[in-house]
Amino acid sequence: MSAPESRFVKACKSLPVDRTPVWFMRQAGRYMPEYRAVRKQYSLIEICKKPEVAAEVTVTAAEALGVDAAIIFADLLLPLEVMGLPFHFSAGEGPVIEKPLRQKEDVVRLRTDRAADLGYVSEAVRLVCKHFGARLPVIGFCGAPFTLASYMIEGGGSRNYVHAKKMMYSSPAVWDELMQKLVVVVSKYAAEQVRAGADVIQIFDSWVGCLSVEDYRRYVLPRTTELVKALQKTGAPIIYFGTDSATLLPSMHETGAEVIGLDWRIPLDQGWRSLDFECAVQGNLDPVLLFADWKELKFRAEEILRCATGRPGHIFNLGHGILPETPVENVKMLAKFVQEHSTKIIPASR
């Protein structure tokens, strides 16, 4: 860890801080002219695999926005390639898995011995940590087993997750083998980011909201907990985030993650209460509000801070990633507003 005394890391541990830390998911992205300029030279995957370029993109975004943490630029699906499942990005469609997993034999063939081949990500982390030192903490990240498994089975994006759920329901042993293999690879991959200097790891479970509480608890919670526990051995706090997950929050809390990410579909105080205020929370402004006029955006941000009541353990963020056409100035103003206004909130007793 390169900035263990930062307010962001302290907030992840539910320790008191002088103001609410703020950062944004997908804070380095197409909405920034600096990033668009880099994309004219390299594809997304090329940026990920060139540590100097990935580090540059990460640093540029964090410095331009004035946020309290930098998240390493990488792609959720990178571990799939080293497991023997190639993918590519199709214009307008997002990632496409070339040969989706549909049979037991497909899962058996997956490799778990090549996590070290993802070392270009930890090298980018090392470069960003070298740049910031103790001035700014760095967030490493990985995909959650369920979300990665769903991509691998569906072959790309999905509305109803028929193939993934079919494997869960019809071949639970095969499903669990896939989840187990993902935990092996992803835990090594993310732990290496911590060894390179990352202060916190965020686990993205972007698709988990498609599940019922019963299915989450039966098919997802055990292996996700295993991943969280493995990564906690590094000493880094873990943020666990899923979208459309309001009904799952108490179960997600059982993973033991120090921070639970909230999306915008549930009021922050209600979401935190469902966790019994036993962990930190991150969130949870609707990303589309960044397109609103400043008066409305400011009001909504103030409401979130008011819901948090200055309680130790709140990290301000969006309820999902920044969208491509988002006005950059709104993002900058929001970060500054949270940093200045959060000092005026009267803390609640825990």
Side-chain angles (χ1 to χ4, degrees), residues 1-25 27-28 48 51-52 54-63 65-74 76 78-79 115-116 118-144 183 185-204 224-241 255-261 279-282 312-317 335 339:
M1 297 173 70
S2 56
E5 296 303 313
S6 62
R7 61 173 61 88
F8 169 69
V9 173
K10 287 183 176 180
C12 287
K13 296 178 178 180
S14 297
L15 298 174
V17 290
D18 58 338
R19 62 168 175 78
T20 303
V22 53
W23 71 280
F24 303 110
M25 287 180 277
Q27 61 191 20
C48 294
E52 296 82 3
E56 175 193 343
V57 168
T58 302
V59 168
T60 299
E63 291 185 333
L65 300 177
V67 288
D68 293 299
I71 184 166
I72 196 64
F73 186 90
L76 211 64
L78 295 176
L118 298 168
Y120 51 83
V121 176
S122 55
E123 176 60 17
V125 169
R126 189 187 66 78
L127 292 173
V128 175
C129 292
K130 181 180 179 182
H131 175 85
F132 285 121
R135 288 188 297 125
L136 202 71
V138 177
I139 305 168
F141 77 87
C142 62
V183 170
V185 174
V186 171
S187 60
K188 292 178 181 176
Y189 166 58
E192 194 58 38
Q193 294 178 49
V194 178
R195 280 190 283 272
D199 297 277
V200 174
I201 292 291
Q202 174 153 318
I203 300 173
F204 283 88
T224 306
T225 302
E226 189 178 324
L227 174 61
V228 170
K229 299 304 182 189
L231 292 179
Q232 285 174 328
K233 292 178 182 177
T234 66
I238 307 300
I239 303 171
Y240 181 31
F241 170 75
T255 62
E258 286 84 356
V259 187
I260 298 294
C279 61
V281 293
Q282 179 176 276
H314 176 224
I315 300 153
F316 192 98
N317 207 313
Q339 290 165 342

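Computed over heavy atoms, backbone and side chain alike; hydrogens, waters and symmetry mates excluded.
When side chains are defined from C-beta on, K233 does not count as touching S187, because their heavy atoms never get closer than 4.5 Å. In this structure, N317 and F241 have side chains that are not in contact, with every pair of non-hydrogen atoms separated by 4.5 Å or more. Using a 4.5 Å heavy-atom threshold, the side chains of I71 and M25 count as separate. Between L78 and C48 there is a side-chain heavy-atom pair separated by less than 4.5 Å. Side-chain contact between P4 and D199 is present, with at least one heavy-atom pair separated by less than 4.5 Å.
Between E226 and K229 there is no salt bridge, since no side-chain N of the basic residue sits under 4.0 Å from a carboxylate O of the acidic one.
Nearest heavy-atom pair, A335 versus V67, reported as atom, atom and distance to 0.1 Å: CB-CG1, 4.3 Å. For the residue pair A257 and Y240, the shortest heavy atom distance occurs at CB-CB, 3.8 Å. Heavy-atom minimum distance, I203 versus L227: CD1-CD2, 3.9 Å. In terms of heavy-atom proximity, A191 sits nearest to T234 at CB-CG2, 3.8 Å. Contact record, A69 with A62: O-CB, 4.5 Å, taken as the closest heavy-atom pair. Considering all non-hydrogen atoms of both residues, F204 and L76 come closest at CB-CD1, 3.7 Å.
We find the CD-CG distance between Q339 and D18 to be 10.0 Å, quoted to the nearest 0.5 Å.
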Discussion item. side-chain contact (heavy atoms from CB on, under 4.5 Å), that's the test. Do D68 and W23 meet it? Break it down for me.
Written reply: CA-CA 6 Å; D68 293 299; W23 71 280; 5.8 Å; no
Item to complete: For side-chain contact (heavy atoms from CB on, under 4.5 Å), just list the numbers for V200 and E258, CA-CA rounded to whole Å, side-chain angles, deciding distance to a tenth of an Å, and then say yes or no.
Response: CA-CA 10 Å; V200 174; E258 286 84 356; over 6 Å; no
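Of the candidates C12, P21, P16, R7 forms a side-chain contact (heavy atoms from CB on, under 4.5 Å) with just one, namely P21.
Remark: A115 pairs with V185, K188 by the side-chain contact (heavy atoms from CB on, under 4.5 Å) rule, at least two apart or across chains. Taking S122 as the reference, E192, A196 meet the side-chain contact (heavy atoms from CB on, under 4.5 Å) condition, with sequence neighbours excluded.
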Give the table of side-chain donor-acceptor pairs shorter than 3.5 Å for residues 130-142, with sequence neighbours excluded, one pair per line with atom names and distance.
from : atom 1 : to   : atom 2 : distance (Å)
H131 : NE2    : E63  : OE2    : 2.8
R135 : NH2    : H131 : O      : 3.2

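Without hydrogens or angle criteria, Q202 side chain to G261 main chain gives no donor-acceptor distance under 3.5 Å.
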